[in-house]
Q: 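First the structure, then my questions, so here it is.
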Amino acid sequence: MPEAATIVKNLLRWYLTEARELPWRQNRDPYGIWVSEIMLQQTQVKTVIPYWERWMKRLPDVDRLARARETTVIKLWEGLGYYSRARNLQRAAQMIQNEHKGCFPSDYEALLALPGVGPYTAGAVSSIAFGQPRPIVDGNVIRVLTRVDGIRESTKLSQTIRELWSRSESLVRFASELWRPGRNVCGDFNQSLMELGATVCLPRQPLCCDCPLRRCCRARAEGMIEVIPNLGARKKMIARMFIAVVVRRTGRYLVRQRSAGEINGGLWEFPNVELTSQDPSGAVWLDSGMGLDPSKLSALGEVKHSITNNRITLKVYCSDVSPDYCVMEEAGEWLEASELERYAFTAAHRKIVRRAINENGR
DNA sequence: TAAACGTGGGT
DNA sequence: TACCCAAGTTT
């Protein structure tokens, strides 16, 4: 295995000149760094940047987040996915107010005790915001370290992941001994590991010629870059079809809120149902469920999206109904177009809002 | 331990 | 198009 000194020194030097300027890197505010780390879970930097900017403008500190309305928090998160992250963020802020007197905890165990903070995030915040020598293992670190060390075992094995934590730990410990005035070597080293994975040591066609570790990388030396990391098989995607309908009555639109406990709980959507062999076109649902005449609908096309391992196609229709129309089956709310903007919709249904209302100027 | 949890970027 | 997969955590 390459020596820690080689890896750490080359990465720290590289990071000095190649680190991207990201908004949450402008200072060491633990709150801003924590928010960025939660947003970045399973989400790319490019996607996060505008969300982080808006969030920090609206909820600039722990106190403001703790006191915010949950609807505000979810609206700020709209489109990012994994909405429990946003709710946990607020719960954690309230814990910081109540159990830490509003002072952001620097203790690793205290960080780990916050909802939504696991081993990765606790390590990231304690190293980046507080300069502590805590290891991190995320998707980038898995890729970089398995390649550098030439680890061919499946990353699905808990033994493999344990080894990576151990390696990450010894590396950041080495970094901590390189203390420099005015530099956070632990935070910089951990970020350099992820930065390399995000910009150079890419999943496919990595830019090995630009890599500061190219001379010590075992996977490169052994021609194994294409098969390391050994990630194992993915779950297959399941195709599903839904029908959704935009019902408009005297300038208002019928929407409903998804119940807590189901996927995307608490978010808003237009009435919709999955197409089955019982009702393959959705005509039964439209007629008996919604009280609409399927022949009087106008088609708005299809919206495609994926949620976890479901690949979903939504067939979207629009229907203008008379002032005395009322829904039989489900409780919903009638919202004006301007209100649709203020409510948090699921990503797929936000696309419908744009297509059906905004772009058509109705 | 494995599955659930969302969405969009990139090839 | 059809994948892959992203600064993971929770149950």
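Just so it is clear, the model here is predicted, and its values are computed rather than measured.
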Q: When the distance from CD of Glu226(A) to P of dT11(B) is rounded to whole Å, what number comes out?
A: 15 Å
Q: Heavy atoms only, 4.0 Å cut-off, all strands: where does Ile307(A) land among base, sugar-phosphate and nothing?
A: base
Q: Quote, to the nearest angstrom, the C1' distance that separates dT9(C) from dT1(B).
A: 15 Å
Q: State whether Tyr83(A) places a side-chain N or O below 4.0 Å from either non-bridging phosphate oxygen (OP1 or OP2) of dT7(B).
A: yes
Q: Give the rounded distance in Å between these two atoms: CG of Asp138(A) and C1' of dA7(C).
A: 5 Å
Q: Quick one: is dC5(C) close enough that its OP1 or OP2 comes under 4.0 Å of any side-chain N or O from Arg204(A)?
A: no
Q: Does CZ in Arg54(A) sit with more than 12 non-hydrogen atoms of other residues, nucleotides or ligands closer than 6.0 Å?
A: yes
Q: Under 4.0 Å between a side-chain N/O of Lys46(A) and OP1 or OP2 of dG10(B), yes or no?
A: yes
Q: Under 4.0 Å, counting only non-hydrogen atoms across every strand here, what does Asn140(A) touch: a base, just sugar-phosphate, or nothing?
A: base
Q: Does the ring center of Tyr82(A) lie less than 6.0 Å from the ring center of Trp77(A)?
A: no
Q: Check whether NZ of the Lys or CZ of the Arg Arg134(A) lies under 6.0 Å from the centre of the six-membered ring of Tyr108(A) and within 45 degrees of that ring's axis.
A: yes
Q: Grab the CD1-P distance between Ile161(A) and dT1(B) for me, whole Å please.
A: 11 Å
Q: Please evaluate the base of dG8(C) for a donor-acceptor partner in the side chain of Tyr120(A) within a cut-off of under 3.5 Å?
A: no
Q: Got a sec: does the CZ of Arg20(A) have more than 12 other heavy atoms crowding it under 6.0 Å?
A: yes
Q: Expressed as a whole number of angstroms, how long is the span from Arg87(A):CZ to dT10(C):P?
A: 15 Å
Q: Could you tell me the separation between the CD atom of Glu269(A) and the P atom of dT7(B), rounded to a whole number of Å?
A: 11 Å
Q: For the pair Glu70(A) and Arg91(A), find out whether any cationic side-chain nitrogen is under 4.0 Å from an anionic carboxylate oxygen.
A: no
Q: For His305(A) and Asn309(A), take the nucleotide of DNA chain B holding the closest heavy atom to each; which residue's nucleotide lies nearer the 5' end?
A: Asn309(A)
Q: Please tell me if Asn264(A) has a side-chain N or O lying less than 4.0 Å from either OP1 or OP2 of dT7(B).
A: yes
Q: Is Val117(A) touching bases, backbone alone, or none of the nucleic acid, heavy atoms closer than 4.0 Å?
A: sugar-phosphate
Q: Distance under 6.0 Å and angle within 45° of the ring axis: does Arg249(A) meet both against Trp334(A)?
A: yes
Q: Using a heavy-atom distance cut-off of less than 4.0 Å, which residues of residues 16-41 of chain A contact DNA chain C?
A: Arg20(A), Leu22(A), Trp24(A), Arg25(A), Glu37(A), Leu40(A), Gln41(A)
Q: Can you see if the side chain of Gln44(A) gets near the phosphate of dG8(B) - specifically, an N or O under 4.0 Å from OP1 or OP2?
A: no
Q: Is it true that the side chains of Arg85(A) and Asn88(A) contain a donor and an acceptor less than 3.5 Å apart?
A: no
Q: Is there a side-chain polar atom (N or O) of Ser84(A) under 4.0 Å from OP1 or OP2 of dT9(C)?
A: no
Q: Looking at Thr43(A) and dG8(B), is any side-chain donor or acceptor paired with a base atom of the opposite kind under 3.5 Å?
A: no
Q: Taking only the P atom of each, what is the distance from dT11(B) to dA7(C) in whole angstrom?
A: 14 Å
Q: In this structure, how many angstroms lie between the P atom of dC3(C) and the CD1 atom of Ile238(A), rounded?
A: 13 Å
Q: Give a yes-or-no answer on whether the side chains of Gln191(A) and Arg25(A) include a donor-acceptor pair shorter than 3.5 Å.
A: yes
Q: Using whole Å, report how far CZ of Arg85(A) lies from C1' of dT11(C).
A: 18 Å
Q: Is the distance between the ring centroids of Phe270(A) and Phe345(A) less than 6.0 Å?
A: yes
Q: Between dA6(C) and dG6(B), how far apart are the two C1' atoms, rounded to whole Å?
A: 12 Å
Q: At 4.0 Å (heavy atoms only), tell me whether Ala347(A) reaches a base, stays on the sugar-phosphate, or touches nothing.
A: sugar-phosphate
Q: With a 4.0 Å cut-off on heavy atoms, is Arg350(A) in touch with a base, just the backbone sugar-phosphate, or nothing at all?
A: nothing
